[in-house]
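The structure appears right after this line, and notes come after that.
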Protein chains: 2
Amino acid sequence: MSLDHAILGFLQYKPLSGYDLKAVFDISVKHFWAADQSQIYRTLSRLAECGWAEIERVEQDDRPDRKVYHITKSGSDELIRWLMTPLPKKSERIPELIQIFFAGNLSDEEILTMFERLESHCRHSLEELQQIQKMKGGNVESAPRRDAFFWMLTLEYGIRMTEASLAWLEEVITRIKNGRHRVGE
Amino acid sequence: MSLDHAILGFLQYKPLSGYDLKAVFDISVKHFWAADQSQIYRTLSRLAECGWAEIERVEQDDRPDRKVYHITKSGSDELIRWLMTPLPKKSERIPELIQIFFAGNLSDEEILTMFERLESHCRHSLEELQQIQKMKGGNVESAPRRDAFFWMLTLEYGIRMTEASLAWLEEVITRIKNGRHRVGE
DNA sequence: ATATATTATAGGATAAGTCTTATATATGAT
DNA sequence: ATCATATATAAGACTTATCCTATAATATAT
């Protein structure tokens, strides 16, 4: 799955330790792929077992030793292969839609509260993403334009989707306020 | 998590067996919550253990006996409680965005192929959703308007998001064809 | 003084989900 | 005749991810 390949992707740029990777995930792909620290370490061991990465032990006096992972030729090949492979389409799980689907069990007031909660959450996410986009304008300059272009695309995608969600939620709230969900009762 | 509550939601409408539930999931919430048959049965046992559902054994001569699950008062309370509870916001995982993020490793030609693949997949999903929407127009009439309203909302959401994805992908493909990802190289 | 944060790795327990297979009967299609 | 499909339930093995905890030294803040 994708965590393996996300890690290979980062190792392709340069060798990194598990600790480094956690930090790198948190400042770059967290919005669409949050990685658990524990899971990163476990996955790194597996990558090394597979021969997709090699471990370099870096001794340190004051800190615990670092295990820096280098991507191998076969790891690099695997990354390229995966990047061109269509992903098995499995519908993502959206628990919010379960709440909406069964919202008929709630009172009109509770429903409105629910949607307004979803809306404010969505607005907050949008602000976060826009904030990142602003800062990234400078942040990304160290990378080749080609890489930076695709990094920005993933942010742009997040923003577009969140904007669309927000627009939809606002529309739905208006409809509910106009009692459109009660028509015909 | 949500499978528990999705099942409680359906049991709130009427008592169902595991087999029934699998069918119900597949024709209603599959687009945003695909449920594995095996997982449904496991979850049902757990719901019964929790006291949120009760089992009625229905003997049949020609077929294996059915275990029909009835929601209890405490199950119903739990459903309502959950519907009003804000969900812990955990960013969803979008493996496609990992592929896009690291697309810089591919050639221009491969990149275009990748995005066109994503676009056609997206177009296909949209058609599927629109097809369901058309059919549901009649399908849903048996339910109270209030419930049907929220069922349709979840479909509408899927369509809006897929439309937004598609529009974005088309735009990105144009930009790539114009060589915008190579600017400054 | 004490608590928290940073750097660094990793195991244990648990949860959640997927895939496969087993069992059993009936019906319809090729 | 045989094969697939529908009805009905459920265990086994495995994967992936999450949460918590442990270890260990240093540094900074209260």
Side-chain angles (χ1 to χ4, degrees), chain A residues 1-8 15-27 29-30 32-50 53 55-69 82 87-95 98, chain B residues 1-8 10-11 15-27 29-30 32-50 53 55-69 82 87-95 98:
Chain A
M1 19 46 295
S2 308
L3 181 59
D4 298 43
H5 297 94
I7 289 177
L8 286 178
L16 295 165
S17 70
Y19 191 83
D20 296 335
L21 274 163
K22 175 60 179 163
V24 163
F25 268 83
D26 283 350
I27 57 157
V29 296
K30 204 187 180 186
F32 57 91
W33 204 279
D36 183 74
Q37 172 259 50
S38 199
Q39 191 63 10
I40 289 172
Y41 282 103
R42 272 185 245 261
T43 303
L44 279 171
S45 323
R46 188 151 38 78
L47 294 183
E49 269 177 52
C50 290
I55 303 170
E56 177 203 2
R57 257 219 137 75
V58 178
E59 290 185 31
Q60 299 187 121
D61 294 336
D62 46 344
R63 308 279 148 132
D65 294 353
R66 310 180 74 221
K67 283 165 87 172
V68 178
Y69 288 78
W82 181 80
L87 293 162
K89 70 154 190 174
K90 42 180 73 182
S91 62
E92 16 161 18
R93 302 226 149 89
I94 309 174
I98 301 275
Chain B
M1 19 50 293
S2 309
L3 181 59
D4 297 44
H5 297 94
I7 290 178
L8 287 177
F10 285 119
L11 295 185
L16 295 165
S17 70
Y19 191 82
D20 297 335
L21 275 163
K22 175 59 179 163
V24 163
F25 268 83
D26 283 350
I27 56 156
V29 298
K30 203 188 180 184
F32 57 91
W33 204 281
D36 184 74
Q37 173 259 51
S38 198
Q39 191 64 10
I40 288 173
Y41 282 102
R42 271 185 247 262
T43 304
L44 280 171
S45 323
R46 188 152 37 79
L47 294 183
E49 269 177 51
C50 290
I55 303 170
E56 176 202 3
R57 257 217 138 77
V58 179
E59 289 184 32
Q60 299 187 120
D61 294 334
D62 46 344
R63 309 278 149 134
D65 293 353
R66 309 179 75 222
K67 283 165 88 173
V68 177
Y69 288 78
W82 180 79
L87 293 161
K89 71 155 189 174
K90 43 179 72 180
S91 61
E92 16 162 17
R93 302 225 149 91
I94 310 173
I98 302 275

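Numbered from 1 within each chain, the chains take letters A, B, ... in sequence-line order. The basis for the numbers below is simple: all heavy atoms, side chains too, and nothing from hydrogens, waters or symmetry mates.
Side-chain contact between Thr43(B) and Arg46(B) is present, with at least one heavy-atom pair separated by less than 4.5 Å.
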Under 4.0 Å protein heavy-atom contacts per nucleotide of nucleotides 14-25 of chain D, with B for base, S for backbone only and - for none: --SBBB----BS

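For Trp82(B), the ring pair (Phe, Tyr, Trp, His ring centres under 6.0 Å) partners at least two apart in sequence or on another chain are His5(B). Not counting sequence neighbours, the partners of Pro15(A) by the side chain to side chain contact (heavy atoms under 4.5 Å, CB included) test are Val68(A), His70(A). Residues passing the ring pair (Phe, Tyr, Trp, His ring centres under 6.0 Å) test with Phe10(B) are Phe101(A), Phe102(A), Phe25(B), sequence neighbours excluded. When the side chain to side chain contact (heavy atoms under 4.5 Å, CB included) test is applied to Tyr19(A), the partners found at least two apart in sequence or on another chain are Ser17(A), Tyr41(A).
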Intermediate values then yes/no, side-chain contact (heavy atoms from CB on, under 4.5 Å), Ile27(A) and Lys30(A): CA-CA 7 Å; Ile27(A) 57 157; Lys30(A) 204 187 180 186; over 6 Å; no

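Rounded to an integer number of Å, the gap from Lys22(B) NZ to dA10(D) C1' is 15 Å. Distance, Leu16(B) CG to dT7(D) C1': 15 Å, rounded to whole Å. Distance, Tyr41(B) OH to dG12(D) P: 17 Å, rounded to whole Å.
In this structure, the side chain of Lys22(B) engages the main chain of Ala35(B) through a donor-acceptor pair within 3.5 Å.
Note that the first and last nucleotides of DNA chain C, 5' to 3', having any atom under 4.0 angstrom from a heavy atom of chain B are dA16(C) to dA26(C).
For dA10(D), the OP1/OP2 oxygens have a side-chain nitrogen or oxygen of Lys67(B) closer than 4.0 Å.
Between atom CZ of residue Arg42(A) and atom CG of residue Leu47(A) there is a gap of 14.0 Å, rounded to the nearest 0.5 Å.
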